[in-house]
Amino acid sequence: QVQLVESGGGLVQAGGSLTLSCKASGRTFSSPSMGWFRQAPGKEREFVATINFSGDATYYDDSVKGRFTISRDNAKNTVYLQMNKLTPEDTAVYYCAAHFRLATYSTANRYDYWGQGTQVTVSS
């Protein structure tokens, strides 16, 4: 099994930046594909970004493209989400997720492992 732990959430002002981290641990045969999702109160969980196992393919939701950057350090078993130019609409609980399929996915039901989430709040 894979355990995922997010960190780095907090309170920032609009226009600010924040970097989230997701540390993976447990018994893994290889580095998994990873994704970031977020869920605001009263809304469905939505896709943010994903990165493949080797880190050479990334995909972003249009709402964050150009502002967020997903990256990974396989030596540290860690995936990052650098968030810039934050707006109040980015306020949500952010979750990292993992799967061991070769393809990248933007739908939550394709991911097998999830972290506990970390709160990001952007004030206006």
(request) Using side chain to side chain contact (heavy atoms under 4.5 Å, CB included) as the criterion, list what pairs up with Ser106, not counting sequence neighbours. (result)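 Only Phe47 meet the side chain to side chain contact (heavy atoms under 4.5 Å, CB included) criterion with Ser106.
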
Quick check: is [Y] connected to [X] through a chain of hydrophobic side chains (ILVMFWY, heavy atoms under 4.5 Å apart)?
| X | Y | answer |
| --- | --- | --- |
| Phe100 | Tyr59 | no |
| Val120 | Val5 | no |
| Met34 | Tyr80 | no |
| Val64 | Val12 | yes |

Enter the distance from [X]:[atom1] to [Y]:[atom2] here, rounded to the nearest 0.5 Å.
| X | Y | atom1 | atom2 | result |
| --- | --- | --- | --- | --- |
| Ser21 | Leu81 | OG | CG | 9.5 Å |
| Leu18 | Thr118 | CG | OG1 | 8.0 Å |
| Leu20 | Ser7 | CG | OG | 8.0 Å |
| Ser33 | Ile51 | OG | CD1 | 9.0 Å |

(request) Tell me, yes or no, whether the heavy-atom count around Phe53 atom CZ, taken from other residues, nucleotides or ligands under 6.0 Å, exceeds 12. (result)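 Open: at most 12 neighbouring heavy atoms sit under 6.0 Å from CZ of Phe53.
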
(message) To check you understand the geometry: which heavy-atom pair defines the closest contact between Ala92 and Ala40, and what is its length?
(response)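 That closest heavy-atom pairing would be CB-N, 3.8 Å.
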
(request) Enumerate the residue pairs fulfilling salt bridge (Lys or Arg N to Asp or Glu O under 4.0 Å) with a member in residues 112-124, sequence neighbours excluded, ordered by first and then second residue. (result)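 Non-adjacent pairs meeting salt bridge (Lys or Arg N to Asp or Glu O under 4.0 Å): Arg101-Asp112.
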
(request) Provide the full list of salt bridge (Lys or Arg N to Asp or Glu O under 4.0 Å) pairs with a residue in residues 66-76, sequence neighbours left out, each pair given once. (result)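 Matches after skipping sequence neighbours: Arg67-Asp90.
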
(message) For Asp62, give me all partners under salt bridge (charged side-chain N to carboxylate O under 4.0 Å, His left out), at least two apart in sequence or on another chain.
(response)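 Partners of Asp62 by the salt bridge (charged side-chain N to carboxylate O under 4.0 Å, His left out) criterion, ordered by chain and then number, come out as Lys65.
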
(message) Which residue is it: Asp61, Thr50, Val79? I am looking for the one with a side chain to side chain contact (heavy atoms under 4.5 Å, CB included) to Trp36.
(response)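 Exactly one option meets the side chain to side chain contact (heavy atoms under 4.5 Å, CB included) with Trp36, and it is Val79.
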
(request) Test Phe68 against Val48 for side chain to side chain contact (heavy atoms under 4.5 Å, CB included), laying out the working first. (result) CA-CA 9 Å; Phe68 291 10; Val48 175; 3.8 Å; yes

(request) Determine, using ring centers only, whether Tyr113 and His99 are less than 6.0 Å apart. (result)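 Not close enough - the centres of the two rings lie 6.0 Å or further apart.
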
(request) Examine Tyr111 together with Phe37 and report whether their ring centres are nearer than 6.0 Å. (result)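 Yes; Phe37 has its ring centre under 6.0 Å from that of Tyr111.
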
(request) Please list all pairs passing the disulfide (SG to SG under 2.5 Å) test where one or both residues lie in residues 46-101, with sequence neighbours left out. (result)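 Every pair satisfying disulfide (SG to SG under 2.5 Å) with a residue in residues 46-101: Cys22-Cys96.
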
(request) Would you list the pairs meeting disulfide (SG to SG under 2.5 Å) in which at least one residue belongs to residues 57-89, sequence neighbours left out? (result)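 The answer is none; no pair qualifies.
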
(message) For the residue pair Arg38 and Tyr95, would you count it as a cation-pi contact if the rule is NZ or CZ under 6.0 angstrom from the ring centre and within 45 degrees of the ring axis?
(response)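 Ring-cation test returns no.
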
(message) Quiz question: by atom type and distance under 3.5 Å, do the side chains of Thr19 and Gln82 form a donor-acceptor pair?
(response)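 Thr19 vs Gln82: donor-acceptor pair found between side chains.
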
Treating [X] as the side-chain partner and [Y] as the backbone partner, does any N or O pair qualify as donor plus acceptor under 3.5 Å?
| X | Y | answer |
| --- | --- | --- |
| Gln116 | Glu6 | yes |
| Asn52 | Gly55 | yes |
| Thr91 | Thr121 | no |
| Thr107 | Asn109 | no |
| Glu46 | Gln39 | no |

(request) May I ask you to test the Trp114-Arg45 pair for a side-chain heavy-atom distance under 4.5 Å? (result)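 Touching, per the 4.5 Å side-chain cut-off.
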
